[in-house]
**Q** 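Below is one structure. I have some questions about it.
Excluded from the calculations below are hydrogen atoms, water molecules and symmetry mates; all remaining heavy atoms, backbone and side chain alike, are included. What you see is a predicted model; the values in this text were computed from it and never measured. Whatever order the structure lists ligands and atoms in, that order sets their numbers, starting from 1.
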Amino acid sequence: MSDSDIGDDEDEDAPITASNFEARSLALDAMAAREAQLDAQELQLVGQADVDEFEGAEDMDNDEEEVDAPEAVGAILPTAEEREDEKRVGGPEVHVVQKRMRECVRILKRWKVYGVKSGRARSEFLEQLVLDIANYYGYNVFLAEKLFQLFPVTEARSSEPYEAIEFFDANEVPRPVTIRTNSLRTRRRDLAQALINRGVNLEPIGKWTNVGLQVYESSVPIGATPEYLAGHYMLQAASSFLPVIALSPQPHERVLDMASSPGGKTTHMAALMQNTGIIFANDANKARTKSLTANVHRLGCKNVVVCSYDGREFPKVMGGFDRVLLDAPCSGTGVISKDASVKTNKTERDFTLLSHLQKQLILCGIDSVNPASRTGGYLVYSTCSVAVDENEAVVDYALRKRPNVHLVDTGLEFGRSGYTSYRGKSFHASVKLTRRFYPHVHNVDGFFVAKFKIMKRAKKEKGEDEVKQGVVMDEDGPQEEIRFDEMGDGQYIQEAKRRRLKARGLRVPPRSHAAGAAA
Ligand SMILES: C[S@@+](CC[C@H](N)C(=O)[O-])C[C@H]1O[C@@H](n2cnc3c(N)ncnc32)[C@H](O)[C@@H]1O
């Protein structure tokens, strides 16, 4: 607003007097109102420019809009020669890739409007988009495609943001620094005050946790304050709270943390259990149990026993737990913002091997739960991966292999439902009870949580009294039950009895004719 708006004799620098007071006041109000209006208009323009930047400048509101000439749409895809040129110079230039990604997204989202007449196949645009994503964000093509497929391209208004790109963008940005108050040592508000006094700017994370704090900025290293060293908090990603909240271990229970190092979740469970009961904190990697032990001591957890077995040795090592947490070893596709090496070092074979290991571990975890537990009888399965073969596929496998378990609500207030079908595979309908967390949606690391209730195995049917049960190791791990039929397998059962008696030094009855034939 110029001075002339106020009037010559109402120069805004002139001193305010009783005579000009009212006019100056009205003029200032008017100026403030106009400035607010201009600000709003400017904001709108900036917002629109952001959308246009990615979506192209056209108005996408209806299908009757002016459409690019089909040849122009087709020309977005590079020719074989152009591809070769791009390869020769070590990849396309950044602005070329950005533009092409924008265009491919625009066309794929409105295929009927832009793509159909272009004479090119939809798959060509999809393939190009994946190649450009891999190039632009620095992934190997296999992983770029795997992650891209999580967010199907649907016919949608072009002004809607494109989810796959949002996901890849979010992986470029670090998640907020968060800490978990150790309620064994302090209260959140006391900890917050102590850290504020040291120059830390923080706030509670959200209503879903009463122990989490988000650190906005800090003038001191947050992993080396006296409060940290005294075990008042754990530096821990917010997503890591989720499986423990879902498991909800109770005081005096017996709990197994199958893959526990460095102990973020073990120490959280110890606090929820108020240092009562017992937690077996296991990790196959002995070297990693050092940091676990250090955290257990620093945070003052007195109900934790650290051990180092391959998780697949449970329940042979020990069983009968009220609750089991399996925070499984995984590919880490949910934590790419923390570990960018995942972008290039994961291959199809890694996912196959991991999924296999996860399936073995989950069955062992389930078999380690006491179905008769009066307070529990639960297993929580979690990963920091967003890949379906490490999550829903593992959960579905467990449901098929162990008819005595079912999924229950995780009790978590947010997160998306797990997939019940994915790329031609169908999972049990209850898999929708599992929860997926995404960096671009929930501003936490990519994460997956499933909660199982373990029931007693079905009672033997009438007439099955003579059936004996045995345990074998199979590719799914131990505890796969096999059943012997008294009639058909009598000879084998008798022989096994003879061996057991012999081993115990007892008198072995002579072989009956039939048993001898079997031996
Ligand atoms: C996702 S990390 C666990 C993080 C931990 N729960 C925490 O909150 O601090 C997975 C762990 O699984 C362990 N691991 C890998 N294979 C295992 C196996 N076969 N049995 C048990 N632990 C295993 C790894 O050493 C690793 O520490």
**Q** With a 4.0 Å cut-off on heavy atoms, is C330 in contact with ligand 1?
**A**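 C330 does not count as a contact of ligand 1 under the 4.0 Å cut-off.
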**Q** Would you mind checking which non-hydrogen protein atom is closest to atom 25 (O) of ligand 1, with the distance to 0.1 Å?
**A**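 Atom 25 (O) of ligand 1 sits closest to the protein heavy atom D283 OD1, 2.6 Å.
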**Q** Under 4.0 Å, heavy-atom basis, I'd like to know which part of K265 is in contact with ligand 1: side chain, backbone, both or neither.
**A**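 Both the backbone and the side chain of K265 come within reach of ligand 1.
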**Q** Side chain, backbone, both or neither: which applies to S240 and ligand 1 if a contact is any heavy-atom pair less than 4.0 Å apart?
**A**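 Looking at S240 and ligand 1, no heavy atom falls under 4.0 Å.
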**Q** Which residue owns the protein heavy atom closest to atom 6 (N) of ligand 1, what's the atom, and how far is it?
**A**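 Heavy-atom neighbour on the protein nearest atom 6 (N) of ligand 1: D327 OD2, 2.8 Å.
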**Q** If the threshold is 4.0 Å, N to carboxylate O, is there a salt bridge linking R175 and D445?
**A** no
**Q** Just need the protein heavy atom nearest to atom 22 (N) of ligand 1, so name the residue and atom and give the distance.
**A** A284 N, 3.3 Å
**Q** Run the ring-centre check on Y422 versus F427 and record whether the distance is less than 6.0 Å.
**A**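 Centroid distance Y422-F427: not below 6.0 Å, so no.
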**Q** Between K207 and E413, does at least one N-O distance fall below 4.0 Å, as a salt bridge requires?
**A**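 No, K207 and E413 are not salt-bridged.
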**Q** Using a strict 4.0 Å threshold on nitrogen-to-oxygen distance, state whether D367 and R457 make a salt bridge.
**A** yes
**Q** Between D322 and R374, is there a side-chain N and carboxylate O pair less than 4.0 Å apart?
**A**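 No, no charged N to carboxylate O under 4.0 Å.
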**Q** Are K343 and E172 ion-paired here, with the side-chain N under 4.0 Å from a carboxylate O?
**A**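 Result for this pair is yes, salt bridge flagged.
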**Q** Just distances here: any N/O of L361 and N/O of ligand 1 closer than 3.5 Å?
**A** no
**Q** Which heavy atom of E227 sits nearest to which heavy atom of L195, and what is that distance?
**A**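 Between these two residues, the closest heavy atoms are OE1-CD2, 4.0 Å.
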**Q** Looking only at protein heavy atoms, which one is nearest to atom 4 (C) of ligand 1, and how far off is it?
**A** S261 O, 3.1 Å
**Q** Between D396 and K425, does at least one N-O distance fall below 4.0 Å, as a salt bridge requires?
**A** no
**Q** Counting each atom of ligand 1 from 1 as listed, which ones have a heavy atom of A328 under 4.0 Å away?
**A** 1 (C)
**Q** What residue and atom, counting heavy atoms only, is the protein's closest point to atom 12 (O) of ligand 1, and at what distance?
**A**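 Ranking protein heavy atoms by distance from atom 12 (O) of ligand 1, first comes A259 CB, 3.2 Å.
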**Q** For atom 16 (N) of ligand 1, which protein heavy atom lies nearest, and how many Å away is it?
**A** P329 CG, 3.6 Å
**Q** Atom 19 (N) of ligand 1: which protein heavy atom is closest, and how many Å away?
**A**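 Nearest neighbour among protein heavy atoms for atom 19 (N) of ligand 1, to 0.1 Å: D310 OD1, 3.1 Å.
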**Q** What is the closest protein heavy atom to atom 20 (N) of ligand 1, and at what distance does it sit?
**A** G311 N, 2.8 Å
**Q** State whether E93 and R100 are salt-bridged, where the test is any N-O pair (Lys NZ or Arg NE/NH1/NH2 against Asp/Glu carboxylate O) under 4.0 Å.
**A**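 Here E93 does not pair with R100 in a salt bridge, since their nearest N and O are not under 4.0 Å apart.
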